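Only one structure is covered here, and it is reproduced in the block below.
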Amino acid sequence: MMRYLLSTILVVFLPASVLAADAVDIMRKSQAVFLYPGGDFRARVSMKLVSKGGGERVRELSMIRKNDGEPGGNQKYFLYFFKPSDVRDMAFMVYKYPAKDDDRWLFVPSLNLVQRIVASDRRSSFVGSDFTYEDISGRDIEADEHKLVKEEACDGRGCSVIESVPKGGAEYSKKVSWIDQASFLPVKEEYYDVQGGLSRTFTADEISDVQGHPTVTKRTMKNVKSGHRTEVVFSDVKYDVGVADDLFSERHLRSPPKELIQ
Amino acid sequence: MKAVCLATFLLATALLNSGAAFGADVSLHGFAQGQFTPRVTGKTPPNAEGGDFILGEERLRLNLDASNESGSARMNAKADFFHDAIANTANVDLREAYGEYNSKYVDFRAGRQVITWGVGDLLFINDVFPKDWFSFFAGRPLEYLKIGSDAIKIGLYPKIFSAELIVTPLFRADNLPTSNRFFVFDPFPQVPAAGQQTQLPAKSLKNMEVALRIQREIAGFDAALYFSRGFWLTPSPMPDNVAAPTSVTYAYPRLYTFGASIQGSGLGGVFSAEAGYFDSPGDRSGTNMSIPNPQMRSLAGYKRPLWKEATLGLQYYSEYMFRHLSYKGSLPAGFPVRDRFYQLATLRFTQLLAHDTLKLSLFGFFSPSEIDYMIIPEIQYHFTDELWAALGANVFGGRNGDTFFGQYSKNDNVYLVLRYEF
């Protein structure tokens with residue numbers, strides 16, 4: 001009885017900051033399993049851009065990621081495009097730093113030109129899709145205030161529902177995430193615009209186990225206002241490939257190692 | 001010509017079919033493209049073969065690529081089979097054709113290849129490789145600004161830096177606007193066409209061009225050093241007699257360049273800077289009016305996002321002539337004088353819309369020293385992943401008719417390009 005009383009007192013008088021700490025902890029774990037699993041990672045990515053009227057466009061690329069240290073730290077990304085035709089053989093490289101602007105390079109094959117491209121607008125659309133650059137490579141956990149709102153069942157799993165409100169400027173005024181309590185992967189996300197209306201929804205449509213890492217292999221981002229959506233499928237997913245650091249260089253932007261981009 | 005086309009098609013098909021059998025990856029891609037570029041000033045150059053039309057053409061690009069299983073050996077060939085609807089001629093333009101070998105620390109590539117160096121946006125200092133200004137001013141897609149070099153490229157990649165050495169045995173010059181399609185400034189109008197000839201550097205071993213670039217990262221910046229020994233890419237008019245010329249030879253004087261560039265992120269954008277000393281051994285004293293005298297060329301640029309899907313790029317470029325007094329003294333009376341300190345500013349604005357299917361862009365060159373400009377507004381729309389169209393304009397102007405952009409002021413044109421890629 002005494003014990004029950006104590007825990008009730010604890011919950012009632014628990015400062016909000018402790019709940020927030022729980023939420024931050026969940027978001028950190030979620031970021032680690034969603035964006036940082038393995039030392040490195042490779043996948044063939046197929047993006048289908050579907051307009052409200054059903055018109056479809058397709059982007060196909062190879063994506064390689066390498067972590068530089070612990071989850072939440074720096075990362076390097078290498079993307080090589082197969083489709084559509086006007087971007088075939090184009091390669092894109094990102095050095096991602098959580099707390100400052102990325103370094104980004106683009107290789108334009110028709111001009112045999114490697115150029116640095118501007119990076120500070122993380123809210124820009126990634127290759128015309130409904131995903132922003134930030135959705136692809138993640139957002140600094142510290143950039144938002146996180147709050148654990150409730151716990152509920154979602155898609156047959158136990159989920160923690162977390163509300164994240166940006167401290168500074170962002171694409172959204174609020175993001176609500178349903179985080180699977182077992183795997184810590186985001187199962188669903190809702191983005192609200194500055195007027196408070198629902199603007200985009202993310203769903204993890206298929207989660208597969210790859211080398212012991214639960215991996216979202218199918219996902220959809222839908223723009224609720226325009227009706228446009230982007231469906232992404234990861235195939236040939238492999239972790240701990242042993243990607244060498246020198247892949248992320250101007251030389252390999254121009255001519256990437258064949259075994260990595262297939 | 002027909003035989004060449006047919007042979008290429010048959011070869012490509014045969015390679016595609018047999019690629020798998022040899023354990024090689026073979027791919028064939030390309031596009032079909034139609035383009036029309038009318039001049040819209042209502043004026044026609046005296047020898048214009050196309051009247052109001054600068055361009056009217058259809059192109060079929062075939063891009064054949066093959067590599068072995070490991071990727072250590074590769075070949076690529078890109079050819080345009082095109083019909084010039086103004087001259088009513090058909091031809092083949094071999095854009096690139098090379099073989100290459102890749103290993104851990106060394107690679108090399110031999111054959112016709114496009115090479116782009118430097119950090120400028122449409123401004124080139126240490127990029128001493130040929131360009132096609134005719135295509136650029138006629139509104140052909142940007143890739144046509146670069147011409148392939150017939151060269152050997154050796155890449156060295158030790159851990160601490162990377163180096164590219166380009167050896168070009170056979171010189172290729174810039175392709176400049178011609179008087180049968182454009183109004184161009186002629187410094188010697190009294191010399192008849194029959195008295196004007198072009199003289200390329202002799203095809204000799206001592207005329208082989210060499211260019212070297214060494215790159216590495218320094219404190220988050222991409223830094224590079226450049227050197228080249230070759231020829232000026234644009235010709236110098238050499239009259240037989242400066243006061244009363246009867247013939248003019250357009251020749252390409254020797255040129256050595258020494259340069260450096262740096263590029264990095266900062267202040268929410270990307271900074272670039274590049275400089276090059278152009279040593280002109282044919283006229284170090286500046287007393288020969290026909291040969292450019294030594295110059296210092298430099299540029300600084302900054303680009304940053306403005307708002308969602310919009311970017312702005314600004315650049316400032318200059319050329320400083322070291323022997324301006326002697327140069328001025330060598331000119332005949334009434335001859336246009338180039339500035340000691342030539343300056344040029346550029347602006348690029350790009351806005352992507354409708355999931356990147358619609359691209360609005362604006363590029364402007366403005367020279368505060370020569371008081372001239374060129375403005376290129378363009379709309380590009382992707383109907384599907386395969387089919388796009390671009391509608392744009394090249395607008396020229398200036399205080400005088402003999403400056404770099406000012407001489408084209410009667411050539412304002414509109415271009416329409418439609419391309420299907422496969």
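Since we're looking at a predicted model, the values are computed, not measured. Letters A, B, ... are given to chains in the order of the sequence lines, protein chains preceding strands, and every chain is numbered from 1. Only this structure's heavy atoms are used, side chains among them; waters, hydrogens and symmetry mates stay out.
- Neither the backbone nor the side chain of B:Leu145 comes within contact range of chain A, judged by heavy atoms closer than 4.5 Å.
- With a 6.0 Å radius and a threshold of 12 heavy atoms from other residues, nucleotides or ligands, B:Leu94 has its CG atom above the threshold.
- For the atom pair CD of B:Glu69 and CD of A:Glu259, the computed distance is 11.5 Å after rounding to the nearest 0.5 Å.
- Considering all non-hydrogen atoms of both residues, B:His382 and A:Asp86 come closest at CE1-OD2, 2.9 Å.
- Neither the backbone nor the side chain of B:Glu217 comes within less than 4.5 Å of any heavy atom in chain A.
- Both the backbone and the side chain of A:Val58 come within less than 4.5 Å of a heavy atom of chain B.
- For a residue to count as touching a neighbouring chain, one of its non-hydrogen atoms must lie under 4.5 Å from one of that chain's; by this rule B:Arg61 does not touch chain A.
- Within the 4.5 angstrom heavy-atom criterion, no atom of A:Ser51 approaches chain B.
- For A:Arg254 and B:Glu100, the salt-bridge test fails: no basic side-chain N is under 4.0 Å from an acidic carboxylate O.
- Looking at heavy atoms from C-beta onward, A:Asp130 lies in side-chain contact with B:His355 at the 4.5 angstrom threshold.
- From A:Asn112, atom CG reaches atom CD of B:Glu143 across 12.5 Å, with rounding to the nearest 0.5 Å.
- The line from CG of B:Asn63 to CG of A:Asp89 is 7.5 Å long, rounded to the nearest 0.5 Å.
- Residue B:Phe422 touches chain A through its backbone alone, counting heavy-atom pairs closer than 4.5 Å.
- Residues B:Ser67 and A:Lys258 have side chains in contact (heavy-atom distance under 4.5 Å, counting atoms from C-beta outward).
- Looking at A:Arg88, its side chain never comes within 3.5 Å of a backbone N or O of B:His29 through a donor-acceptor pair.
- Pairing each heavy atom of A:Arg57 with each of B:Ala354, the nearest pair is NH2-O, 4.5 Å.
- Heavy atoms closer than 4.5 Å to chain A are found in the backbone of B:Ser70, but not in its side chain.
- When all heavy atoms of B:Val114 and A:Leu111 are compared, the pair lying nearest together is CG1-O, 3.7 Å.
- Using a 4.5 Å cut-off between heavy atoms, B:Thr311 contacts chain A through its side chain alone, with no backbone atom that close.
- A:Ser255 approaches B:Asn102 most closely through the heavy-atom pair OG-OD1, 4.1 Å.
- For B:Lys78 (side chain) and A:Ser110 (main-chain N/O), no donor-acceptor pair under 3.5 Å exists by modelled atom type.
- Enclosure of atom NZ in A:Lys222 is not indicated, since only 12 or fewer non-hydrogen atoms of other residues, nucleotides or ligands lie within 6.0 angstrom.
- Nearest heavy-atom pair, B:Pro305 versus A:Val118, reported as atom, atom and distance to 0.1 Å: CD-CB, 3.8 Å.
- Both the backbone and the side chain of B:Asp222 come within less than 4.5 Å of a heavy atom in chain A.
- Using a 4.0 Å cut-off between charged nitrogen and carboxylate oxygen, B:Asp107 and A:Arg251 count as a salt-bridge pair.
- We find the OH-OG distance between A:Tyr97 and B:Ser265 to be 7.5 Å, quoted to the nearest 0.5 Å.
- The minimum heavy-atom distance linking A:Ser85 with B:Glu421 is given by the pair CB-CB, 3.4 Å.
- Put simply, of B:Arg74, B:Lys104, B:Glu386, the one with the most heavy-atom pairs under 4.5 Å next to chain A is B:Lys104.
- Residue with the most contacts toward chain B among A:Ser124, A:Ser129, A:Pro109: A:Ser124 (heavy-atom pairs, distance under 4.5 Å).
- In this structure the side chain of B:Asp385 reaches within 4.5 angstrom of the side chain of A:Arg59, judged on heavy atoms.
- With hydrogens and angles disregarded, no donor-acceptor distance shorter than 3.5 Å links the side chain of B:Lys308 to the backbone of A:Glu171.
- Here the side chains of A:Glu250 and B:Glu164 are not in contact, with every heavy-atom distance at 4.5 Å or above.
- Only the backbone of B:Trp307 comes within less than 4.5 Å of a heavy atom of chain A; no side-chain atom from C-beta onward does.
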